[in-house]
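Data block below; observations after.
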Amino acid sequence: MAYAVGVSQNTYLKPEGPDGALDPAVAWIPLRLISNGLSQTVEELESDEMLPGRHMAESRSGVSSVAGDFEAELTFGTFDMLLEAAFHGTWTDDVLKTGSTRRKFAVLKQNEDIGRTQIYRGCEIGTVTIDCPLQSKIGITFSLIGTKEEAYVVDVAETFAEPTDTVMMTTFEGSLFEGGTGLNHATALSITLENGMEAIYRLFSRDAYDVKLGRINVNGSLSAYIEDDRLKAKYLGETKTPLVVTLTDGENSYQVSMTQAKLTSASEEGSGDDPIIQSYDYKAFNDQAVDTEITITRIPA
């Protein structure tokens with residue numbers, strides 16, 4: 001008996017037009033993922049009615065919600081459309097800043113082994129996180145929020161684009177600068193952009209009425225060996241400092257810049273023969289000179 005397995009699951013993306021319309025002339029864009037957690041869940045409403053014999057009255061279905069994460073290894077050019085949607089900005093001369101332009105997508109999840117195709121409508125990017133662990137692959141996670149899941153039949157006229165072929169980026173290459181000086185003793189870095197997005201509902205409908213857009217919140221964490229008081233002084237003095245990280249596959253690169261980063265919490269850990277690691281949480285605030293909290297620049301080979 002055939003059953004669904006992860007390696008036979010493919011994910012595709014297509015921008016939605018007004019009222020969720022899909023242009024048949026636009027090809028579905030393949031996504032190179034580790035996992036696709038997008039799904040629809042339905043809340044259960046339990047009755048409080050008291051019945052004889054301590055029995056429970058029948059429950060009913062409540063609101064439905066579409067949400068989940070795309071987890072992937074960061075590769076150049078693969079996720080530029082999703083990054084643009086997460087930033088609510090527009091790539092201009094290979095530079096992306098934060099903004100308020102909303103972009104909705106239809107997401108196609110195909111299980112080739114059992115012939116099942118599901119479509120998720122009205123999907124937006126609520127959060128994106130770039131994770132740079134020590135001696136490892138650079139990961140990227142997009143958290144989506146949508147409005148509805150449905151079965152889907154692919155029309156014979158629909159087309160599918162080819163995937164990108166760039167290799168994954170790692171933390172063996174690249175650089176990190178703090179305050180204009182190389183932070184060559186860093187051990188980990190994460191960057192998160194949150195948009196405060198949440199489904200809102202109306203009377204007499206289980207499906208989401210819309211998805212609200214909140215404030216921009218750029219935050220993350222940074223850890224490093226202790227060579228001096230450079231970072232601790234910035235933390236204690238509440239001094240904002242620029243953080244600039246270059247992520248690369250050896251040929252193509254993304255440069256991520258946060259010019260108004262502020263270290264908001266600090267800790268140190270280490271004992272015995274182990275190096276002591278200093279760890280900080282940070283937030284990046286809007287730089288009025290460039291009107292953005294965070295900038296990504298594409299640097300192709």
Side-chain angles (χ1 to χ4, degrees), residues 4-16 20 22 26-41 64-89 91 96 98 102-112 116-133 136-150 152 160-170 190-199 208 211 213 217-220 247 249 254 256 294 296 298:
V5 295
V7 294
S8 295
Q9 180 173 277
N10 301 315
T11 301
Y12 301 91
L13 191 75
K14 181 184 285 195
E16 288 185 342
L22 296 177
V26 175
W28 287 96
I29 301 167
L31 294 179
R32 298 163 56 187
L33 302 179
I34 295 173
S35 67
N36 177 350
L38 191 61
S39 65
Q40 178 170 294
T41 59
S64 65
S65 59
V66 172
D69 291 348
F70 289 167
E71 295 184 7
E73 298 161 350
L74 182 60
T75 52
F76 187 82
T78 304
F79 304 105
D80 289 356
M81 184 180 291
L82 290 181
L83 285 169
E84 189 176 56
F87 275 58
H88 289 76
W91 287 104
L96 179 63
T98 57
R102 301 185 69 163
R103 292 177 174 85
K104 295 187 178 184
F105 302 95
V107 176
L108 213 60
K109 184 191 290 186
Q110 286 189 329
N111 300 99
E112 290 183 341
R116 184 184 71 167
T117 301
Q118 301 292 115
I119 192 170
Y120 300 86
R121 308 306 300 263
C123 293
E124 298 182 80
I125 310 299
T127 302
V128 60
T129 296
I130 299 174
D131 187 34
C132 303
S136 191
K137 301 168 287 187
I138 297 174
I140 187 165
T141 300
F142 295 95
S143 297
L144 285 76
I145 184 167
T147 56
K148 193 175 184 63
E149 172 189 352
E150 299 172 322
Y152 189 77
F160 293 80
E162 292 295 321
T164 60
D165 59 1
T166 46
V167 299
M168 66 183 178
M169 298 181 178
T170 73
S190 72
I191 304 166
T192 296
L193 167 60
E194 301 174 332
N195 289 299
M197 303 186 79
E198 182 181 351
V211 176
L213 179 63
N217 180 3
V218 178
N219 60 84
L247 312 173
D249 59 17
Y254 291 110
V256 184
I294 183 172
I296 296 184
R298 292 186 290 205

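Heavy-atom minimum distance, Lys109 versus Leu38: NZ-O, 2.6 Å. Across every non-hydrogen atom of Cys123 and Leu144, the tightest pair is CB-CD2, 4.1 Å. Between Arg121 and Ala106 the shortest heavy-atom distance is NE-CB, 4.0 Å. Contact between Pro30 and Tyr12 at its shortest, heavy atoms only, is CA-CD2, 3.6 Å. Glu149 and Gln118 get closest at one heavy-atom pair: OE2-NE2, 2.9 Å. The shortest non-hydrogen separation linking Trp91 to Ile296 is CZ3-O, 3.6 Å.
For the atom pair CD1 (Ile138) and OG1 (Thr75), the distance works out to 11.0 Å, reported to the nearest 0.5 Å. A distance of 5.0 Å separates CE of Met169 from CG of Asp249, quoted to the nearest 0.5 Å. The CD atom of Gln9 sits 10.0 Å away from atom CD of Gln110, with the distance rounded to the nearest 0.5 Å. Interatomic distance, Tyr254 OH to Leu74 CG, rounded to the nearest 0.5 Å: 6.0 Å. Considering NZ of Lys14 and CG of Leu108, their distance stands at 9.0 Å, rounded to 0.5 Å. The distance from atom OG of Ser143 to atom CG of Leu193, rounded to the nearest 0.5 Å, is 11.0 Å.
A side-chain contact (heavy atoms from CB on, under 4.5 Å) with Leu82 is found for one member of Val128, Ile29, Leu31 and no other, namely Leu31. Exactly one residue among Thr11, Thr164, Asn10, Asp165 makes a side chain to side chain donor-acceptor pair (under 3.5 Å) with Arg32. That residue is Thr164. Partner of Asp69 under the side-chain contact (heavy atoms from CB on, under 4.5 Å) criterion, out of Thr127, Thr141, Ile34: Thr141 alone.
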Verdict with reasoning, Ile294 to Phe87, per side chain to side chain contact (heavy atoms under 4.5 Å, CB included): CA-CA 9 Å; Ile294 183 172; Phe87 275 58; 3.4 Å; yes
Derivation of the side chain to side chain contact (heavy atoms under 4.5 Å, CB included) call for Glu124 and Asn195: CA-CA 10 Å; Glu124 298 182 80; Asn195 289 299; over 6 Å; no
Side chain to side chain donor-acceptor pair (under 3.5 Å) between Asp131 and Ser190, intermediate numbers included: CA-CA 5 Å; Asp131 187 34; Ser190 72; 5.2 Å; no
Worked verdict on Phe142 versus Leu83 for side chain to side chain contact (heavy atoms under 4.5 Å, CB included): CA-CA 9 Å; Phe142 295 95; Leu83 285 169; 4.1 Å; yes
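Phe160 and Trp28 have parallel rings, their planes meeting at less than 30° on a 0 to 90° scale where 60° marks the start of perpendicular.
The closest donor-acceptor contact from the side chain of Glu71 to the backbone of Ser35 lies at 3.5 Å or more, if one exists at all. At least one donor-acceptor pair closer than 3.5 Å links the side chain of Arg103 to the backbone N or O of Gly89. Checked by atom type and distance alone, the side chain of Tyr120 never pairs as donor or acceptor with a backbone atom of Ile145 at under 3.5 Å. Within the 3.5 Å criterion, the main-chain N or O of Met168 finds no donor-acceptor partner in the side chain of Glu73.
Atom NZ of Lys104 has more than 12 heavy atoms from other residues, nucleotides or ligands within 6.0 Å.
At least one side-chain heavy atom of Ile119 sits less than 4.5 Å from a side-chain heavy atom of Leu22.
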